[in-house]
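One structure is given here, and the rest of the page talks about it.
We count ligands from 1, going down the list as the structure has it; atoms in each ligand are counted the same way.
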Amino acid sequence: MMDFLKLGIIGYPLTHSLSPLLHAELMRGLGLEGEYAKYERPPEQLLGCLQALGQQGLRGLNVTIPHKVSVMHEMDWLNPQAQLAGAVNTIVFERQPGGGLTLSGHNTDIGGFLRSLPLPVMTALPHSHVLILGAGGSARAVMTGLIEAQTQAITFAVRNPAKALSITSDGQLIRKTLNSPTVLNLVTVDNLSDLSGFTGLINTTPVGMYPKTEACPLAPALLETLPETAWVYDLIYRPLETQLLQLARQQQRLSLNGLDMLIYQGIGSFELWWGQSVPAALLPSLRHCLQTALTV
Ligand code: NAP
């Protein structure tokens, strides 16, 4: 019989987080006993907070906005993916025989993103040119995953290139470390006039997210210039179908929302904490549970 595990998520704010529901459903599905609590902490309360939570017996934490980068300095060990991405979304607390505590930092967003890709999209990446809208935290996880998968080229389209320059320079280092041929470019989103050279498009900006669901990060006419076979992925899952995805569906394109990435990053954290893998048979009930929560 597995021990009762104390788990949770740290971030600010945490009002809309679906992680407690996801982990409750995983524990229920696997007959495991534990709790998954929300620790809403603003940046000024982060220092010392992780050690204190560890001392209270926590086994693991998910980390979300705005702490994914700042917690890195408090880790005793970082796994290679977290090091590459420069961000931690999962912490594992290990109690040492002498009573000490070690904190290891992981990044399951990268694996979560890759596992969410349909097989034909994944296998075509070495011949794909992917357009990413935005250059924030999730764009970095997506970039790291795409480079790991040997994607041919990535172009970032942003509103302020001067602010986003570090994503391509960090990407060059990741590319060298992973020995990947990925070519990286950065453009101003307003300068995009023709998308015919892209294999797929990923929105990593919050444009279109609840409550501003009428917003769309690209004009419909511009989206139409994508090749017929191009896929469109929006990392947003609230709503499940954004304006961007609605347009893509109307244009008969493969359209993907952010729900599976959310589920797979959660599964990645769960497997680290519990030391057991989640059977694929559990996926339909996880999707159903989160979809229901998102549609009420
Ligand atoms: P972030 O670090 O704040 O980055 C947001 C990016 O979007 C930045 O490049 C920002 O540009 C750009 N942006 C923001 N508002 C914009 C606007 N009005 N027009 C154009 N660009 C704009 O946020 P994040 O953590 O990457 O999250 C972004 C989205 O991804 C959110 O909707 C989040 O829910 C979703 N997400 C989903 C998952 C999942 O598992 N499905 C995981 C992580 C994130 P500036 O730098 O110029 O502000």
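A salt bridge is defined here as a Lys NZ or Arg NE, NH1 or NH2 lying under 4.0 Å from an Asp or Glu carboxylate O, and Arg115 with Asp260 fails to meet this definition. Asp3 and Arg59 are not joined by a salt bridge, as no carboxylate oxygen comes within less than 4.0 angstrom of a charged side-chain nitrogen.
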Which pairs of donor and acceptor atoms, one on a side chain in residues 288-296, lie under 3.5 Å apart (sequence neighbours left out)?
residue	atom	partner	partner atom	Å
Thr292	OG1	His288	O	2.6
Thr295	OG1	Gln291	O	2.7
Thr295	OG1	Thr292	O	3.3

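Remark: His67 NE2 to Ile9 CD1 distance equals 10.0 Å, nearest 0.5 Å.
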Quick one: table the atom pairs, ligand 1 N or O against protein N or O, below 3.5 Å, distance rounded to 0.1 Å.
residue	atom	partner	partner atom	Å
ligand 1	2 (O)	Gly137	N	2.9
ligand 1	9 (O)	Ala135	N	2.8
ligand 1	9 (O)	Gly136	N	3.4
ligand 1	15 (N)	Arg159	NH2	3.4
ligand 1	18 (N)	Arg159	NH1	3.4
ligand 1	26 (O)	Gly137	N	3.4
ligand 1	26 (O)	Ser138	N	2.8
ligand 1	26 (O)	Ser138	OG	2.5
ligand 1	40 (O)	Leu262	N	3.3
ligand 1	41 (N)	Leu235	O	2.9
ligand 1	41 (N)	Gly258	O	2.9
ligand 1	46 (O)	Lys163	NZ	2.9
ligand 1	47 (O)	Arg159	NE	2.9
ligand 1	48 (O)	Arg159	NH2	2.8
ligand 1	48 (O)	Lys163	NZ	3.4

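Looking at Ile10, Leu103, Asn89 one by one, the single match for side-chain contact (heavy atoms from CB on, under 4.5 Å) with Leu61 turns out to be Ile10.
The local environment of CD in Glu228 is sparse, with at most 12 non-hydrogen atoms from other residues, nucleotides or ligands closer than 6.0 Å.
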